[in-house]
Undergrad: 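Below: one structure in structure tokens.
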Amino acid sequence: MDVKKDDKNLESLNNELMTLIRRSSLDKKHGGLDRSTYTLLYHLAHHEKVGVKALAEEFGLDTSTISRQTSVLEAKGYAVRVPDPMDGRSSYFEITLLGTRKLEEARNIRLERYGEIFADWSPEDCHTFSGLLARLNRKLAQRSADAKGLTEEAEAGRLN
């Protein structure tokens with residue numbers, strides 16, 4: 001795609017994405033979980049034995065930020081830190097039963113909310129929109145992986 005600073009399509013996409021991110025973030029009244037808690041719990045629920053470093057890489061955050069966020073999960077009883085039996089210096093996180101229950105409650109509220117929002121959309125429109133969002137997410141993930149590869153290559157170059 002030829003990118004021009006005055007490209008109206010890109011400007012529109014930028015505006016709509018910013019609005020989507022802002023408006024789709026759930027606040028406390030929508031299930032009692034903020035966005036970071038929800039996304040961390042969702043990830044823990046779908047992955048076994050996740051460490052701070054893996055979480056930091058997954059979310060593109062530094063380890064200190066993830067450490068603070070996982071400390072909040074622990075304090076609320078939503079996750080537990082488990083020592084790694086193979087390496088006593090490291091540990092990983094697992095979602096607790098309370099965390100699973102809170103995640104499910106928030107998920108149900110989200111799905112109900114999206115059901116209301118998309119009630120007047122056809123199944124075909126919902127399918128198309130979902131497919132386009134999936135395509136965008138794959139592209140964003142690929143760009144992130146590519147950037148990480150470049151960073152690792154640059155790091156390797158400095159070490160030689």
Undergrad: State, to 0.1 Å, how close Ile21 and Arg35 come at their nearest heavy-atom pair, and which atoms those are.
TA: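 Looking at all heavy atoms of both residues, the shortest contact is CG2-NH1, 4.4 Å.
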Undergrad: Under 3.5 Å, is there a donor-acceptor pair linking the side chains of Asp34 and Thr37?
TA: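 Looking only at side-chain atoms, Thr37 and Asp34 do form a donor-acceptor pair, the distance falling under 3.5 Å.
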Undergrad: Is there side-chain contact between Asp84 and Ser91, with heavy atoms separated by less than 4.5 Å?
TA: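 Contact flag for Asp84/Ser91 side chains = no.
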Undergrad: Would a hydrophobic clustering, with Ile, Leu, Val, Met, Phe, Trp and Tyr connected at side-chain separations under 4.5 Å, put Val82 with Leu98?
TA: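 Different clusters.
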Undergrad: Among the clusters formed by ILVMFWY side chains lying less than 4.5 Å apart, do Phe93 and Tyr42 turn up in the same one?
TA: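 Result: yes, single cluster for both.
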Undergrad: Test your reading of the model: is there a side-chain donor-acceptor pair from Ser130 to the backbone of Cys126, 3.5 Å cut-off?
TA: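 Not a single qualifying donor-acceptor pair exists.
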Undergrad: Which salt bridge (charged side-chain N to carboxylate O under 4.0 Å, His left out) pairs, counting each pair once, include a residue from residues 124-140, with sequence neighbours left out?
TA: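 Those involving residues 124-140 do not exist here.
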Undergrad: Report the C-alpha separation of Leu73 and Leu44 in whole Å, then their side-chain angles, then the decisive distance to 0.1 Å, and conclude whether the side-chain contact (heavy atoms from CB on, under 4.5 Å) test is met.
TA: CA-CA 11 Å; Leu73 296 182; Leu44 292 177; 4.1 Å; yes
Undergrad: If you measure from the Lys or Arg side-chain nitrogens to the Asp or Glu carboxylate oxygens, is any gap between Arg107 and Glu104 under 4.0 Å?
TA: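 Looking at Arg107 and Glu104, the cut-off is met.
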Undergrad: Listing request: all ring pair (Phe, Tyr, Trp, His ring centres under 6.0 Å) pairs with a residue in residues 52-75, at least two apart in sequence or in separate chains.
TA: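 Residue pairs with at least one partner in residues 52-75: His43-Phe59.
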Undergrad: In terms of heavy-atom contacts, does CG of Leu132 have more than 12 from other residues, nucleotides or ligands at under 6.0 Å?
TA: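 It does: Leu132 CG has more than 12 such atoms within range.
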Undergrad: Test Tyr78 against Leu40 for side-chain contact (heavy atoms from CB on, under 4.5 Å), laying out the working first.
TA: CA-CA 10 Å; Tyr78 298 164; Leu40 279 170; over 6 Å; no
Undergrad: Run the salt-bridge test on Glu74 and Arg81 with the 4.0 Å N-O cut-off and return the result as yes or no.
TA: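 Result for this pair is yes, salt bridge flagged.
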Undergrad: To the nearest 0.5 Å, how far apart are CG in Asp62 and CD in Glu57?
TA: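 Reported value, rounded in 0.5 Å steps: 12.5 Å.
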Undergrad: For the residue pair Ala54 and Val50, what are the closest heavy atoms and their distance?
TA: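 For Ala54 versus Val50, the nearest heavy atoms are CB-CG1, 4.2 Å.
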Undergrad: Heavy-atom distance under 4.5 Å between the side chains of Glu112 and Glu116, does that happen here?
TA: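 Glu112 reaches Glu116 side chain to side chain.
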Undergrad: Using the rule that two of Ile, Leu, Val, Met, Phe, Trp, Tyr join whenever any of their side-chain heavy atoms come within less than 4.5 Å, decide whether Tyr38 and Leu61 are in one cluster.
TA: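 Looking at the clustering, Leu61 is in the same group as Tyr38.
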Undergrad: List the steps and the verdict of side-chain contact (heavy atoms from CB on, under 4.5 Å) for Leu136 and Leu17.
TA: CA-CA 11 Å; Leu136 174 62; Leu17 285 170; 4.0 Å; yes
Undergrad: Suppose we screen for side chain to side chain contact (heavy atoms under 4.5 Å, CB included). Which residues come up paired with Phe129, at least two apart in sequence or across chains?
TA: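 Counting only residues at least two positions away or on another chain, Phe129 forms a side chain to side chain contact (heavy atoms under 4.5 Å, CB included) with Phe118, Trp121, Leu133.
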Undergrad: Rounded to the nearest 0.5 Å, what separation is found between the CG atom of Leu20 and the CZ atom of Arg22?
TA: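 The distance works out to 10.0 Å.
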Undergrad: Could you tell me whether the side chain of Lys102 reaches within less than 4.5 Å of the side chain of Glu105, counting heavy atoms only?
TA: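 In contact.
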Undergrad: To the nearest 0.5 Å, what is the distance between CD on Glu58 and OG on Ser144?
TA: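 One gets 8.5 Å once the value is rounded to the nearest 0.5 Å.
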Undergrad: Minimum heavy-atom separation for Ala106 and Leu33, please, with both atom names.
TA: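 Of all heavy-atom pairs spanning Ala106 and Leu33, the closest is CB-CD1, 3.6 Å.
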Undergrad: Decide whether Leu103 and Tyr92 are clustered together by the hydrophobic rule: side chain heavy atoms of Ile, Leu, Val, Met, Phe, Trp, Tyr closer than 4.5 Å, transitively.
TA: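 No.
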Undergrad: Using side-chain contact (heavy atoms from CB on, under 4.5 Å), reason through Leu97 and Arg101 one step at a time and then give a plain yes or no.
TA: CA-CA 6 Å; Leu97 290 175; Arg101 191 169 63 242; 5.6 Å; no
Undergrad: Quick one: CG on Leu55 to OG1 on Thr65, what's the gap to the nearest 0.5 Å?
TA: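 OG1 of Thr65 is found 12.0 Å from CG of Leu55.
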